[in-house]
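Notes to accompany the following structure.
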Amino acid sequence: MDTLQKMISWLPQLLDGTRITILMTITSTCAGVILGIFLALGKISRNVVISKLCSAYIFFFRGTPLLMQLYFLYYAVPMFLPALTINSRFLAAFIAYGLNSAAYCAEFIRAAIQSIDHGQFEAAKALGLSYGQTMRLLIIPQSIRRLVPPVGNEFIMMLKDVSLVSIISLGDLTKVTRSINSSAATPLVFIPSMIIYLIITAFFTFVFNRVEAHVAKKE
Amino acid sequence: MKKYVSILLALVLVLALAACGSSSNKKDEASLTLTAGKLAVSAEIGYPPMEYFDEDGSTPIGFDVEMMTEIAKRMGLELELIDTAWDGIFAGLDSDKYDMVMSSCSITPQRQENYLMSKPYVQNAIELLVPVDSDITGIDTVAGKKVAVQGETTSHDYLRDNETGCEIMDYDKVINCFDELKLGRVDAVLTDSVVAAYYLGDDLDSYKVVWVNSDAEPIGVTFKKGNTALCDAVEKVLDEMFADGTAAKIATKYFGDSAGVDGIR
Amino acid sequence: MSMIRTENLCKSFGDLEVLKDVNVEVDTGEVVVVIGPSGAGKSTFLRSLNTLEEITSGKIFIEDKIFIHRENNKTLDKMDNAAFKALLLEMGMVFQRFNLFPNKTVLGNVALAPMQVRKKSREEAEAIAKRLIDRVGLSDKLDVYPSKLSGGQQQRVAIARALAMEPKIMLFDEPTSALDPELVGEVLNVMKDLARDGMTMLVVTHEMGFAREVADKVIFMADGQVLETGTPEEIFSAPKTDKAKQFLASIL
């Protein structure tokens, strides 16, 4: 019972970390999806310059480790470009994760857009809708249904990627866990911590399944 | 939802079983060490001048590294140095991942309660570093300031155990504390004196030490609780190394003088 | 008066010539049916009229105003966007595969373009949409999504959707080819209804009965060329070319 008491005594700290983890996961995935839509549209744009720029962006953020991007943004950028210094750790992590997630989102958003029947574009064109109207009113809303599963996937990946924020001294669930592990000198703390992760994952998997079912009804 | 609950329960059970299970790495009864003929030592390499990589990025050097090399040699064992992240380094002792930890471990009551620690082999103190123009004059004036420490070090413990009123910022790597200080994101760094001297080597004009912990903080070798046989053997070798001047020689090489080891044994 | 007229319309996909000097004229109020074997270029011809396909060379006139003029794959006499769009919107199009918007209800499908393109208020657009949906006999399906409709119902919605933009000519690209046989009739009835009301129509179809009954003029195309033009009587009873004879023999 001693063990259980110990675990309960860690809960407040663990929940503090959980708050940061969930907040960071939600905000950066949202930012990633929104920015990802623009990147995807940019990549399939007929404007070669925009298309190449977006491709380069995606290549860079998918081609380098997230850990290094976070490190670079928080520690290296201020030394080279003091004007771009971000002193808020949460903000820095949010920006790094959002930018990174956008690159991954852009790829599956592009795939979803391109999987929409070409007849949709033709019908829209024949009715006189502009490209922007077609995308905004028809193609992107139709892509959403196909986007729910990969966004859910990205969300779950992000949940675990957020554990990297400890390098900039941001106390997410993993950092708090490791901290308790060291100060209490027991690996026992990993058990409640992993259970919390599983609960979050289960909850959001449930939410995404519900969203998917809901969106499916609207077609 | 029911499905998730049952999956969760199953996982909890597995984890609990794993936690109760005894360590798999059974010790060879005849040998003093986990693997006969080998001395497995763990250190977090990245803590100059105690243990760090040479400029080639792959050769471990430093005070601890040379000390352990000498210890292994005198015991007639082959040294196996295992680079381990600091938080979690002691847990590896419990699970018999290595024989001992020699990684600038300060001897603290809490560590002594959970592990077996040798007598000191080098003296250390924690120091508070600030920019030269800072209004912090000592540990009693850091209230409301941000102080960077490496996580789970004695510096971290000091801030947690003493009511200084500062905001504690803990980082995985000690270099990040100095990065933050240089970028002005933290107001001070609390760290081991040996390390501070190393990192501020080039920037000594911009920073100053405003406080040194008056309680001297000796560093010792850490063993798994109850492993007195190995501890005694290592203590014997250490005594020899202090007696014949080897320890002083290595200290001078890395700290510039032998003050850190003089007279502690 | 001429509603649509083409002059020497040519279209190639690489080395493949799919349209060779197509000259067609549709007068206001006329129903023109285009027939011919598959691969004749009928759909490509129809789709090039409202620029879903870009012609290689030739001219297209709408109400005797130049709409498209291209030579060697380059646009000449480029007109400003507003004028171009005004002429484009004189044509409504119905597709073989309906192409309804699956994320919009029946009402949403029909009211979308009047709102977004004609900038009508929602109330006004929906009033127009409801009237047209009623006209194609689907008043009870206003809030239904297309996936819940039969093919015939979807095509009727598609016709209402095109009509909502108040076009002067309707282009039908094999409107019944994707339908189960028992659903063809309901779509053809809507089309006949339109024809009776005096709508100008250009229809690509394999429904010879419809052509006989409704068409003012039948065009026979093969190998990217217009081989015969005439009244239904002339084409069906006395085809002049061998290709037309063969084709009619194969389907009748």
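Just so we're on the same page: letters track the sequence lines, and every chain starts at 1. As a basis for the values below, the full set of heavy atoms in this structure was taken, side chains included, without hydrogen atoms, waters or symmetry mates. On a predicted model such as this, the values are computed, not experimentally measured, just so you know.
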If you count heavy atoms of other groups shown closer than 6.0 angstrom to [atom1] of [X], is the number above 12?
X: Met79(A); atom1: CE; answer: yes
X: Arg136(A); atom1: CZ; answer: yes
X: Lys225(B); atom1: NZ; answer: yes

Any chance you could measure [X], atom [atom1], to [Y], atom [atom2], to the nearest 0.5 Å?
X: Ile180(A); Y: Glu152(B); atom1: CD1; atom2: CD; result: 10.0 Å
X: Trp86(B); Y: Arg178(A); atom1: CH2; atom2: CZ; result: 13.5 Å
X: Leu170(A); Y: Asp170(B); atom1: CG; atom2: CG; result: 10.5 Å

Can a donor-acceptor pair be found, under 3.5 Å and without considering hydrogens, that links the side chain of Ser169(A) to the backbone of Met169(B)?
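No; zero donor-acceptor contacts below 3.5 Å.
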
Chain B interface, residue from Ile167(A), Ile168(A), Asn87(A) that has the most non-hydrogen pairs under 4.5 Å
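Most pairs with chain B among the choices: Asn87(A).
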
Under a 4.5 Å cutoff for heavy-atom pairs, which residue among Glu180(B), Arg185(B), Glu113(B) has the most contacts with chain A?
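Most heavy-atom pairs within the cutoff with chain A belong to Arg185(B).
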
Whether the Tyr74(A) and Asp179(B) side chains hold a donor-acceptor pair (N or O, under 3.5 Å, no angle test) is what I'd like checked.
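Asp179(B) and Tyr74(A) do not have a side-chain donor-acceptor pair below 3.5 Å.
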
Part of Arg111(B) lying under 4.5 Å from any heavy atom of chain A
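Interface part for Arg111(B): neither.
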
Give the intermediate values and the outcome of side chain to side chain contact (heavy atoms under 4.5 Å, CB included) for residues Asn176(B) and Tyr75(A).
CA-CA 8 Å; Asn176(B) 295 140; Tyr75(A) 291 116; 3.4 Å; yes

